[in-house]
Peer 1: 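Let me give you the structure first, and then I'll get to my questions.
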Amino acid sequence: MARYGLRLLYGVIVVWGAFTGAFFLLYVVPGDAAGGLTAGADGADVKQLLAEQRELLGLDRPVWVQYWDALTGALQGDFGESIYQRRPAVEVYFESFPETLKLAFLGLLLAVVLGVTLSVVIELTNWKWARELLISLPPVAVSLPPFLVGLVLLQVFAFQLHWIKAVNDPSFGGLLIASAALAVAGGGSISQLLTANLRGALTSPYVETARNWGLSRFDVVVRHALKNAALPVITSLGTTVGVMVGGTVLTETVFSRLGVGRLVVDAVDGRDMPVVLVAVTISAVIFVAVNLVVDAVHPLLDKRIQWDG
Amino acid sequence: MSSPEVPSTERVSSSAPGRQSTPLLRLRDVSAEFTVPGRAPVPVLDGVSLDVEAGSIRAVVGESGSGKSTLGRVVTGTLPENGRVTAGEVVLGGRTLTGLSERQYRAVRGKEIGYIPQDALLGLNPLLPVGVQAAEPLRAHGVGSRAERRERVLDLFAKVGLRDPARLYGRHPHELSGGMCQRVLIAAAMSTRPRLLIADEPTTALDVTVQRTILDLLSELVESEDLGILLITHDLGVAAERADEIAVVKDGRIVRGGRTGEVIADPGDPYTEDLLRSSSLGFSGRQAAAHRLEYARTVPADSPVVVEAKEVGKTFTSRASRASRPFRAARSGPDTVTAVAGASFQVRRGTTLGIVGESGSGKTTLVRILAGLTPADSGTVEIDGEPVVHHRRGAGQAALYRKVQMVYQDPFASLNPRSTVRAILDEPLRGHRYGTAQERARRITELLEVTGLPAELADRYTAELSGGQRQRVAIARALAPRPDVVVLDEPVSALDVTVQRQILALLDSLQRELGLTYVFISHDLGVIAEVSDEIVVLQHGHIVERGPALGILTEPRTDYVKELLASIPGAAAPGPAAEARHDAAVLTPHDPAVLVGPGRSAATERTT
């Protein structure tokens with residue numbers, strides 16, 4: 001359990017690092033929220049207007065003071081008000097959060113289902129050419145950028161088949177196709193890892209034993225090899241979740257879905273520091289939490305691994 | 001295809017009178033080959049004919065690469081994708097197996113043919129409870145309901161000698177000892193009441209005392225179930241002790257076959273004779289030790305003590321659930337395991353101390369402490385009168401590390417496959433700052449010469465070498481910095497018996513030439529008997545016996561050592577005297593590399 005406590009500490013450090021990184025990254029990028037607010041203003045007093053806004057937003061203070069304010073606020077759950085919407089940033093964020101959660105969760109689920117199915121099918125395929133073809137799929141899937149997959153899916157399902165609306169389709173079908181765009185890369189990387197592991201597991205002596213017990217190829221692969229091969233994949237899911245979080249930004253933009261991804265893009269554009277910090281912090285927390293859960297689940301699946309090891 | 005030495009079928013079946021005329025398993029002129037892309041097919045079996053009678057054990061004996069495992073795979077229809085049977089037929093109880101489709105074969109596998117794999121610990125799925133696994137053959141063949149299958153497995157667990165089957169059912173393989181895992185696998189194989197059992201080196205990975213109990217169990221099953229067993233083994237001792245009939249395989253051919261007694265009494269074939277000499281058949285501790293004693297007389301009695309251990313102790317804290325592992329060393333507390341306790345001994349210059357013990361006896365921990373690789377909790381070790389102090393980073397230990405060198409068990413794991421032999425031998429030389437590049441190159445040539453390796457091997461990668469050659473490289477590496485003490489951790493356990501002979505002969509001649517002191521660890525009392533002047537017997541971390549080799553081998557004081565002696569496979573069977581085979585090992589050059597005997601001392605003198 002002591003080790004798990006240490007992991008928790010590392011998790012806290014990761015979240016703090018993400019928060020700090022995002023703050024200073026946004027700070028060093030040219031331009032600030034005052035510029036965003038006064039965009040389009042004209043005339044001789046633009047400079048003065050800008051200075052007034054800066055003072056109002058507290059952007060004229062030394063960077064360390066701003067950072068300290070943001071950090072202490074965040075620790076109390078108060079990230080400040082969104083500069084454009086004049087509402088607490090947390091509130092703004094959690095408005096769009098459920099949409100994105102649905103998208104990412106379904107994307108992850110699809111990725112796992114697609115990846116695992118593909119790997120098992122590869123192992124069960126007897127025809128050499130079909131097998132070679134299938135094996136080449138995961139690397140291709142990994143290399144396809146999500147926005148490209150999204151655009152192709154949009155072209156096919158919205159413009160050709162008219163199954164979904166091209167802009168922000170609220171139906172389950174719309175959600176499903178958007179999450180499919182997200183799932184392709186994740187599924188590819190799961191399948192890549194799983195196929196390699198399955199190949200290894202299938203040469204193990206216990207697989208030889210199972211085969212000699214008269215088990216079918218399917219039973220050998222699914223009952224005996226798959227679970228062993230899946231252990232490293234479960235570890236990698238932690239990273240896949242990170243990829244998903246990043247992927248939602250692109251997917252939501254392509255499918256014009258109003259989610260956290262879109263919110264963050266707009267917030268970064270307008271240098272809306274509070275909103276950006278909420279989004280980054282929550283993403284980091286999710287990332288850390290998923291990895292902690294993966295760690296906790298591992299010993300349940302593999303009895304050889306101990307808590308305090 | 002069969003050569004004149006191959007026994008005719010009549011001879012085999014006629015020797016089992018009173019049984020049905022058709023044998024349980026019949027192989028006729030079976031040939032098999034492996035295809036490698038871009039090369040000519042490699043034949044692995046060449047016209048093999050043999051029978052297995054119901055109620056008998058037929059042993060197939062051969063060294064690695066002889067094709068003996070392929071023979072088993074031909075019967076179970078599990079050749080790898082690039083392998084195929086090119087000729088002959090396999091008939092099981094009147095049904096021809098060759099040519100069956102994979103689907104048809106599945107109905108035979110696990111149903112009519114049971115299979116016991118080599119390494120029991122690896123042969124079970126680490127993630128599934130052993131009970132569930134033992135029921136897999138029944139499930140695969142659709143026998144009974146889930147509850148019935150469970151009942152049957154529990155019955156079988158009791159039958160194969162597993163205590164408390166109900167509790168064991170839900171256990172995972174890592175919680176069981178190797179012997180228990182092997183019993184689970186035997187239960188699984190027996191669950192569908194097969195008529196034939198294929199046992200591929202079923203006891204190789206087990207301790208000798210456990211090996212004996214497992215072989216006893218198999219013999220019992222043959223009697224009670226009228227089972228036929230095809231026993232594949234590299235150990236002629238095991239075969240001679242257990243099998244009714246033996247077939248010796250070399251290069252895919254049966255070079256000698258027949259009733260066990262006949263084969264042992266009259267090998268009639270040079271390879272079989274070789275195997276016989278290398279086996280523990282007719283092992284006699286007195287003879288092995290007496291032979292060694294001749295050498296010991298040449299070592300002066302006042303030879304200085306090089307290694308001295310005083311009351312060395314080491315305890316490991318174990319994880320909570322690890323404590324449930326039944327085969328680990330004695331527990332001294334709820335969470336600690338005593339690896340070594342109060343070990344004291346001395347080794348004189350030029351002599352060999354043999355440390356013998358089964359897995360978990362603490363022998364590896366003990367030598368790691370000797371070499372300064374693991375800190376001891378209590379006691380001291382002195383090498384040449386200087387205390388061995390364990391430093392985390394090895395600082396200040398350069399002198400010790402030069403004086404004590406190690407040779408490990410598995411030459412496949414202990415040599416980097418991506419290094420050349422030269423690079424491997426150069427590393428310790430550079431590490432100990434041995435002269436200029438030129439001097440090091442000369443030293444490497446010397447090392448190859450003393451270890452009987454051809455000079456052109458220097459620029460080969462170790463991956464290209466055979467097991468025996470690799471172990472020679474490992475020995476050369478250990479000798480590179482001119483050590484006083486060489487610690488040999490199971491140096492021949494991973495090698496074929498005939499190669500074992502050669503390596504032991506090499507170690508023997510090196511000791512004579514260079515006056516080396518050996519600490520030799522092995523689980524195999526037969527090997528220890530042959531190389532040791534003094535023997536230390538470890539059990540659960542404690543020294544149970546210690547003394548001159550002859551005394552321990554001829555008059556063991558403890559039951560444990562008696563049991564170890566009795567467990568040497570084939571020791572009770574009649575066979576060539578140990579002395580005879582020892583001489584043969586030194587004198588017969590199986591490969592030219594072995595000739596580093598006294599006759600070649602000119603080459604070795606330069607290195608001393």
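All values derive from a computational prediction rather than experimental measurement. Only this structure's heavy atoms are used, side chains among them; waters, hydrogens and symmetry mates stay out. Residue numbers start from 1 in every chain, and the chains themselves are labelled A, B, ... in the order their sequence lines are given, proteins ahead of strands.
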Peer 1: Roughly how far, to the nearest 0.5 Å, is the CG atom of B:L128 from the OH atom of A:Y206?
Peer 2: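 These two atoms lie 9.0 Å from each other.
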Peer 1: Please determine whether the number of non-hydrogen atoms from other residues, nucleotides or ligands lying under 6.0 Å from atom CZ of A:F24 exceeds 12.
Peer 2: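 Count over threshold, so yes.
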Peer 1: For the residue pair B:A140 and A:G214, what are the closest heavy atoms and their distance?
Peer 2: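 Closest pair (atom of B:A140, atom of A:G214, distance): CB-O, 3.8 Å.
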Peer 1: What are the two closest non-hydrogen atoms of B:T78 and A:R211, and how far apart are they?
Peer 2: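 Nearest pair, atom of B:T78 first, then A:R211: CB-NH1, 3.7 Å.
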Peer 1: Does CZ belonging to A:F218 count more than 12 external heavy atoms closer than 6.0 Å?
Peer 2: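 Count not over threshold, so no.
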Peer 1: Would the distance check show the side chain of B:H141 and the main-chain N or O of A:W213 forming a donor-acceptor pair, the cut-off being under 3.5 Å?
Peer 2: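 Indeed, once roles are kept as given, a pair shorter than 3.5 Å links the two residues.
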Peer 1: Less than 4.5 Å to any heavy atom of chain B: does that hold for the side chain of A:D219, its backbone, both, or neither?
Peer 2: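 For A:D219, side-chain heavy atoms alone lie under 4.5 Å from chain B.
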Peer 1: Supply the atom-to-atom distance A:N126 CG to B:E102 CD, rounded to the nearest 0.5 angstrom.
Peer 2: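 One gets 9.0 Å once the value is rounded to the nearest 0.5 Å.
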Peer 1: Chain A heavy atoms under 4.5 Å from B:R139: which part of the residue, side chain, backbone, both or neither?
Peer 2: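 Only the side chain of B:R139 comes within 4.5 Å of chain A.
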Peer 1: Please classify the contact of B:D119 with chain A as side chain, backbone, both or neither, using a heavy-atom distance under 4.5 Å.
Peer 2: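 When you check distances to chain A, no heavy atom of B:D119 falls under 4.5 Å.
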Peer 1: If you count heavy-atom pairs within less than 4.5 Å of chain A, which of B:V108, B:N125, B:L122 leads?
Peer 2: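 Of the options given, most contacts go to B:N125.
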Peer 1: Among side-chain atoms of A:H224 and B:Q133, is any donor-acceptor pair under 3.5 angstrom?
Peer 2: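 The answer is no; no qualifying pair exists.
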Peer 1: Between A:T209 and B:L124 (side chain of the first, backbone of the second, donor and acceptor by atom type, cut-off under 3.5 Å), is there such a pair?
Peer 2: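 No: the side chain of A:T209 does not pair with the backbone of B:L124.
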Peer 1: When you look at A:E208 and B:R73, which way does the salt bridge (charged side-chain N to carboxylate O under 4.0 Å, His left out) test go after all the steps?
Peer 2: CA-CA 11 Å; A:E208 180 81 21; B:R73 286 167 168 276; 3.2 Å; yes
Peer 1: Let's test your reading of the structure: which of B:G77, B:P126, B:A107 forms the most heavy-atom pairs below 4.5 Å with chain A?
Peer 2: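 Going by pairs under 4.5 Å, I would pick B:P126.
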Peer 1: Give the C-alpha distance, both sets of side-chain angles, the deciding distance and a yes or no for side chain to side chain contact (heavy atoms under 4.5 Å, CB included) between B:L127 and A:L301.
Peer 2: CA-CA 7 Å; B:L127 300 185; A:L301 297 173; over 6 Å; no
Peer 1: With a 4.0 Å cut-off on N to O distance, would you call B:E136 and A:R223 a salt bridge?
Peer 2: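 Salt bridge flag = yes for A:R223 with B:E136.
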Peer 1: Could you tell me which portion of B:I198 (side chain, backbone, both or neither) has an atom closer than 4.5 angstrom to a non-hydrogen atom of chain A?
Peer 2: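 Contact with chain A is absent: no heavy atom of B:I198 under 4.5 Å.
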Peer 1: Would the number of heavy atoms belonging to other residues, nucleotides or ligands and lying under 6.0 Å from OH of A:Y10 be above 12?
Peer 2: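 It does not: A:Y10 OH has 12 such atoms or fewer within range.
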